[in-house]
Amino acid sequence: MTSLRIERVDLLQLQLRLRHPFVTSFGPQHERHVVLVRVHADGVDGWGELVAGRNPVYSEETVATALTVIRDHLLVLTLGRRVDDPRQPASWWRKIRGNPMAKAAVEMAVWDAWSAATATPLAALLGGSRTAVPAGVSIGIQDSTSALLDRVEQFLERGYVRIKLKIAPGSDVTPVAAVRERFGDVALMADANSAYTLDDAEHLAQLDAFELTMIEQPLAHDDIIDHASLAPRVRTPLCLDESVRSADDARRALHIGACRIINCKPGRLGGLSESLALHDWAVDAGVPLWVGGMLETGVGRLHNIALASLPGFTLPGDTSASDRYWHTDIIEPAVTIAADGTVAVPTVAGVDAVLDHERLQSLVTHRASFTAS
Ligand code: OSB
Ligand code: MG
């Protein structure tokens, strides 16, 4: 039986420019401040990626708060301990409230170390069976409808099978109508990132004309009650992202009719263990699920794709290729789209084997190491 002692944790910070600015209802984003977590345990290295932003706009977590929580609270409960099941770290940290992205960054590194130590691909460890998952893409708000149509066309040409459009007041019905009109019955959805209120119910109902598979998180980031009031006023299914932070949150949201679909992001849920709990609940409850993204580098991207191989992820997610955001990824080979519009589920056991270590070293701006005393 495998057992790993967590001997050292390294935090590596890097700053990466996006190929194109990514514009959402939060505003434009030009770069990502990435923190990679390396867990060194019994001779193997496992990697995790912090998905918190520089600014607390998607959730209250930031790179700075997550670094503090990891250093001062998670690592003291982690270093020197033995893992004989990668579900354990999440339980060690249960008394630490919130801070799911900080937890996920470390927890996913432990899963990845487990994958390397047992020579088992992460997808297999998690119970995934698919060998490829559909490629979906999230498209930011563009300056004009013609720019948006060009962008959608490029992604469809590259093979993406589902298009998600970011919307916000002033950029919603018109661009969605234009994309539907131009590209026929392409699988289409919209993500509002909390930009509306219940007063906008009639306006949002105008989107019903375009047969979207869902509207993601139209209302407040921490709300389910108003979403439950909105749901019967629109025909389009609602999906929750920001306001579901645990499998229990999902159960409560479904119970009151706040959503019909859930976006599963391991960073928002505190890691892969909670993602599995959400997955298993969703399968039981018959709730469609998909894997979201947070503009990950190859590290988090491979983890997300492995997760998406589970049977309960019944809808295409924001599982895009490396070149969606990066000129050069920090993994080699990068994630690419196959001719059939899918991305391959990684068969490698541990991200370390595909990390471009040289390139990574050249990008790191700050590093810190913590060892078991
Ligand atoms: O709401 O799903 C979101 C990116 C950053 C923060 C929040 C979200 C997103 C995306 C992009 O939509 C998903 C991706 O392509 O990684
Ligand atoms: Mg979202």
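Order of listing sets the numbers, starting from 1, for every ligand and every atom in it. Note that the structure is a prediction, hence the values are computed from the model and not measured.
- Salt bridge present: R32 and E49 bring a charged side-chain N and a carboxylate O closer than 4.0 Å.
- By the criterion of a heavy-atom distance under 4.0 Å, the side chain of D241, and not its backbone, is placed next to ligand 1.
- Contact annotation for E216 and ligand 1: only side-chain heavy atoms (C-beta onward) come within less than 4.0 Å of the ligand.
- Looking at E211 and R235, a side-chain N of the basic residue comes within less than 4.0 Å of a carboxylate O on the acidic one, giving a salt bridge.
- Interface atoms of ligand 1 facing K164, defined by a heavy-atom separation under 4.0 Å, are 2 (O), 3 (C), 12 (O).
- Under 2.8 Å from the Mg ion (ligand 2), one finds the following protein N/O/S atoms: D191 OD2, E216 OE2, D241 OD2.
- For the pair D318 and R162, the salt-bridge criterion is met [side-chain N within less than 4.0 Å of a carboxylate O].
- Formation of a donor-acceptor pair under 3.5 Å by the D150 side chain with backbone atoms of A147 is not found in this model.
- A salt bridge is absent between R94 and E274; no separation between the charged side-chain nitrogens and carboxylate oxygens falls under 4.0 Å.
- With H221, M294, R268, K265 as candidates, the residue nearest to atom 3 (C) of ligand 1 on a non-hydrogen basis is K265.
- Contact annotation: the side chain of R38 approaches that of R8 to within less than 4.5 Å [non-hydrogen atoms, C-beta and beyond].
- Remark: ligand 1 and L295 share an N or O pair separated by less than 3.5 Å (distance only, no angle test).
- Between W281 and L289 the shortest side-chain heavy-atom distance does not fall below 4.5 Å.
- In summary, R182 and E153 engage in a salt bridge, as defined by a charged side-chain N under 4.0 Å from a carboxylate O.
- The nearest heavy-atom contact from the protein to atom 13 (C) of ligand 1 is G293 O, 3.3 Å.
- Taking every heavy atom of N193 and a limit of under 4.0 angstrom, the matching atoms of ligand 1 come to 1 (O), 3 (C).
- In this structure, atom 15 (O) of ligand 1 lies nearest to the protein heavy atom Y325 OH, 2.6 Å.
- Counting non-hydrogen atoms of other residues, nucleotides and ligands closer than 6.0 Å to NE2 of H203 gives a total above 12.
- A cation-pi arrangement, defined by a distance under 6.0 Å to the six-membered ring centre and an angle within 45 degrees of its axis, is absent between R17 and W326.
- Counting heavy atoms of neighbouring residues, nucleotides and ligands inside a 6.0 Å radius, atom CG of D340 exceeds 12 of them.
- At least one N/O-N/O distance between K166 and ligand 1 falls below 3.5 Å.
- Where the criterion is an N or O separation shorter than 3.5 Å, residue side chain and backbone included, E242 fails it with respect to ligand 1.
- Residue contacts with ligand 1: R301 is placed with no nitrogen or oxygen under 3.5 Å of a nitrogen or oxygen of the ligand (distance criterion only).
- Between F26 and ligand 1 there is no heavy-atom distance shorter than 4.0 Å.
- Using a 4.0 Å cut-off between heavy atoms, T24 makes no contact with ligand 1 at all.
- At a threshold of 4.0 Å, the pair D241-R268 counts as salt-bridged, since one of the basic side-chain nitrogens sits closer than that to a carboxylate oxygen.
- The neighbour count for D72 CG, taken as heavy atoms of other residues, nucleotides or ligands under 6.0 Å away, is above 12.
- Inclusion of S320 in the set of residues having an N or O under 3.5 Å from an N or O of ligand 1 is not warranted.
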